[in-house]
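Atoms within a ligand are numbered from 1 in the order they appear, just like the ligands themselves. Because the structure is a prediction, the values reported are computed rather than measured.
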Amino acid sequence: ERELVVPAKGLVVLVGVSGSGKSTFAARNFAPTQVVGSDSCRGMVSDDENDQSATADAFGLLHHLVDTRLRRGLLTVVDATNVDSSARKRLLRIAADNDLPAVAVVLDPPEQLVRDRGAARADRALPDSALSRQYRQMRNGLEGEGFHEIHVLRDPQEIDSVVVRTRP
Ligand code: GTP
Ligand code: MG
């Protein structure tokens, strides 16, 4: 079974299109308080996790939470698509400002599986074109952006069974 080692003090940036399984992965491998999610932040500033007009405020809150937790030396996981390099750069900057490493965990299961799951999802109706755009964005590699490590998980069974360990 695959082991995924992440720094005990640092930032874990999940990267994956909507429906790739980020929130499921985060819930399985981390404590709820370690996970800072764009949807929960959107909910906290709008009472509606799908209210797109709250996006700027939601990310303001997310970045503040990440910065505060890292300043306190706490392992922090960002549950947001992060397919856009500017979103990742912002997070990398917050980690660097706190002198802590950032690692990326890319969840990239087969596109057909993601589309099938999306069609079955009641909580969110993402237009096909939006998902396609996220896939195009994700093709831009993460190499050279400043991540200490980039873990890419493609096999759905591996995504389901990987064991996360922390390295002091
Ligand atoms: P967004 O929050 O929209 O960006 O999606 P996400 O990446 O957080 O995906 P999420 O974890 O919500 O998973 C999307 C859907 O796929 C949900 O209905 C999950 O129940 C399902 N799902 C996620 N991971 C797995 C998995 O490992 N196995 C199975 N069978 N379903 C999964
Ligand atoms: Mg999610």
When you measure from the side chain of [X] to the backbone N and O of [Y], does any donor-acceptor pair fall under 3.5 Å?
{"X": "Q134", "Y": "S18", "result": "yes"}
{"X": "N140", "Y": "Q137", "result": "yes"}
{"X": "D116", "Y": "V114", "result": "no"}
{"X": "D51", "Y": "D47", "result": "no"}
{"X": "R42", "Y": "S53", "result": "no"}

In terms of residue, atom name and distance, what is the protein heavy atom nearest to [atom]?
{"atom": "atom 19 (C) of ligand 1", "answer": "T24 OG1, 3.9 Å"}
{"atom": "atom 12 (O) of ligand 1", "answer": "R121 NH2, 3.3 Å"}
{"atom": "atom 21 (C) of ligand 1", "answer": "R117 CD, 3.7 Å"}
{"atom": "atom 2 (O) of ligand 1", "answer": "R124 NH1, 3.1 Å"}
{"atom": "atom 3 (O) of ligand 1", "answer": "S18 OG, 2.6 Å"}

Problem set entry | Heavy-atom gap P156 to ligand 1 smaller than 4.0 Å | no

Exercise. Non-hydrogen atoms of G16 versus ligand 1: any pair closer than 4.0 Å?
Worked result: no

For this session: Might you check, step by step, whether the distance between atom 9 (O) of ligand 1 and some protein heavy atom is under 4.0 Å?
Result: yes

Exercise. Right, does atom 5 (O) of ligand 1 have protein non-hydrogen atoms nearer than 4.0 Å?
Worked result: yes

Could you tell me whether [X] and ligand 1 have an N or O pair separated by under 3.5 Å?
{"X": "S23", "answer": "yes"}
{"X": "G21", "answer": "yes"}
{"X": "D79", "answer": "no"}

Exercise. Is any N, O or S atom of S18 under 2.8 Å away from the Mg ion (ligand 2)?
Worked result: no

For ligand 1, does [X] get within less than 4.0 Å through its side chain, its backbone, both, or neither, judged by non-hydrogen atoms?
{"X": "D160", "answer": "side chain"}
{"X": "V17", "answer": "backbone"}
{"X": "K22", "answer": "both"}

Problem set entry | Atoms of ligand 1 close to D39 [distance to a heavy atom under 4.0 angstrom, numbered from 1] | 2 (O)

Does the pair [X]/[Y] count as a salt bridge with the N-to-O cut at 4.0 Å?
{"X": "R154", "Y": "D108", "result": "yes"}
{"X": "E111", "Y": "R115", "result": "yes"}
{"X": "E145", "Y": "R88", "result": "yes"}
{"X": "R71", "Y": "D67", "result": "no"}
{"X": "R165", "Y": "E3", "result": "yes"}
{"X": "R2", "Y": "D155", "result": "no"}

